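Each remark here refers to the structure printed beneath this line.
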Amino acid sequence: MMLSNILSLLNTLANNTVGLLLEAIAYVPGWLSVGVIGAITGVLMLLAFKYTSHQSAIRHTRNQIKANLLGLSLFKDDLAIGLGMQVNLLKLAGMLLALSVVPMLVMIVPTCLLLSQLALWYQARPLYAGETAIVTVQGAANPAVIEQLQLSDSSAYRLAKGPVRVPEQQMACWEIEAVEPGRHELKFALGEDQIAKELAIGDGLMPVSLTRPASDWTDLLLHPREAPFSADSPVQSIAIDYPERSSWTYGTHTWLIAWFLVSMLAAFAAKPLLNVNI
């Protein structure tokens with residue numbers, strides 16, 4: 001529970017800072033935004049590595065590795081010296097890995113938060129007007145909740161089929177048709193209470209929240225945009241089956257690879273300019 005609360009606070013902070021900065025993605029081509037963000041991320045990660053690592057120790061270890069590699073080529077006919085130098089190389093490689101632990105621990109949280117924010121833009125695309133999607137509501141362990149839950153009317157969408165209720169699994173599904181482009185709220189009535197889930201309709205780039213999550217840290221990491229349901233809420237999650245985004249550079253299955261490659265290339269290009277030992 002403590003981890004979930006911390007992650008919820010971090011998501012709110014990321015939505016109000018990184019999320020707002022990423023709104024510029026909507027105005028440029030997807031390939032360009034992935035490239036620019038990847039390059040900036042690579043340089044920032046390089047700077048973070050420089051100032052959180054023991055640079056002189058890394059430089060000394062790398063020099064020792066070079067010396068042992070040179071020794072291997074000079075004494076390649078001497079089995080005893082060759083084996084000794086190979087053992088040294090293994091020790092030095094382990095030492096280099098150990099020297100990278102602190103900067104990696106420093107970078108892992110902001111990197112995960114950034115990737116969660118980027119996934120909102122590239123992991124799926126919004127619904128086109130006229131397109132249908134399945135909405136799935138997962139309730140708590142109370143079958144009466146699923147029986148009482150009603151999808152509210154809206155000008156942004158219309159009911160296409162459903163609901164299909166499965167009280168034994170605390171689940172209900174609706175098929176909706178997108179009508180009005182924009183960011184809307186999908187609303188459900190439960191007695192006198194209203195329960196909402198963000199709905200994205202349009203043909204451009206916009207953040208898409210696949211799921212309003214439960215108060216679980218893994219769900220919060222994957223779905224950072226909307227406030228989670230509390231542990232005692234009658235509804236535990238609402239998911240929309242958005243279509244996959246098709247693109248070689250910013251598609252559902254490729255954006256993370258493109259971001260990683262660009263960030264690594266940018267980091268290696270900037271390494272001599274910033275005088276960083278990795």
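FYI, the numbering just counts along the sequence from 1. Quick caveat: nothing in here was measured; it's all calculated off a predicted structure.
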*Provide the full list of side-chain hydrogen bond (donor to acceptor under 3.5 Å, both in side chains) pairs with a residue in residues 94-120, sequence neighbours left out, each pair given once.*
Asn15-Gln117
*Pairing residues for Arg62 by the salt bridge (Lys or Arg N to Asp or Glu O under 4.0 Å) criterion, not counting sequence neighbours*: none
*For Leu273, the rest of its hydrophobic cluster, which grows through side-chain links under 4.5 angstrom*: none
*Measure the shortest side-chain to side-chain distance between Ser152 and Gln194 over non-hydrogen atoms and say whether it is less than 4.5 angstrom.*
yes
_Tell me every residue that passes salt bridge (Lys or Arg N to Asp or Glu O under 4.0 Å) with Arg125, counting only those two or more places apart in sequence or in another chain._
Glu131
*Tell me, which pairs form a ring pair (Phe, Tyr, Trp, His ring centres under 6.0 Å) where one or both residues lie in residues 86-115, sequence neighbours left out?*
none
*With a cutoff of under 4.5 Å between side-chain heavy atoms, which Ile, Leu, Val, Met, Phe, Trp and Tyr residues group with Leu151?*
Leu127, Val135, Val137, Val145, Leu149, Tyr157, Leu159, Trp174, Ile176, Leu186, Phe188, Leu190, Ile195, Leu199, Ile201, Val208, Leu210, Phe229, Val235, Ile238, Ile240, Tyr242
*Can you find a heavy atom in the side chain of Thr249 that is under 4.5 Å from one in the side chain of Thr254?*
no
*Would you call Arg183 and Glu23 a salt bridge, taking side-chain N to carboxylate O under 4.0 Å as the test?*
yes
*What's the spacing between Met107 CE and Thr41 OG1 if we round to 0.5 Å?*
12.0 Å
*Got a sec, which hydrophobics cluster with Val164, joining ILVMFWY side chains under 4.5 Å apart, including via others?*
none
*Of all heavy-atom pairs between Cys173 and Thr136, which one has the smallest distance, and what is that distance?*
SG-OG1, 3.6 Å
_Under 3.5 Å: donor-acceptor pair, side chain of Thr252, backbone of Arg245_ = yes
*asked:* Is any side-chain heavy atom of Ser215 closer than 4.5 Å to one of Ser4?
replied: yes
*Indicate the atoms forming the closest heavy-atom contact of Glu168 with Gln170, along with that distance.*
O-NE2, 3.2 Å
*Would you mind listing every salt bridge (charged side-chain N to carboxylate O under 4.0 Å, His left out) that reaches into residues 82-91, with sequence neighbours excluded?*
none
*For the residue pair Tyr250 and Tyr122, does the interplanar ring angle fall in the parallel (under 30°), tilted (30 to 60°) or perpendicular (over 60°) class?*
perpendicular
*Check side chain to side chain donor-acceptor pair (under 3.5 Å) between Gln150 and all other residues, then give those that pass, not counting sequence neighbours.*
none
*Answer yes or no: is there a side-chain heavy-atom contact under 4.5 Å between Asn277 and Thr61?*
no
_My understanding is that a hydrophobic cluster links ILVMFWY residues whose side chain heavy atoms are under 4.5 Å apart, including indirect links. Using that, what else belongs to the cluster containing Tyr27?_
none
*Sort and list the pairs that fulfil ring pair (Phe, Tyr, Trp, His ring centres under 6.0 Å) and have at least one residue in residues 95-121, not counting sequence neighbours.*
none
*asked:* If the condition is side chain to side chain donor-acceptor pair (under 3.5 Å), which residues does Lys197 pass it with, not counting sequence neighbours?
replied: Glu226
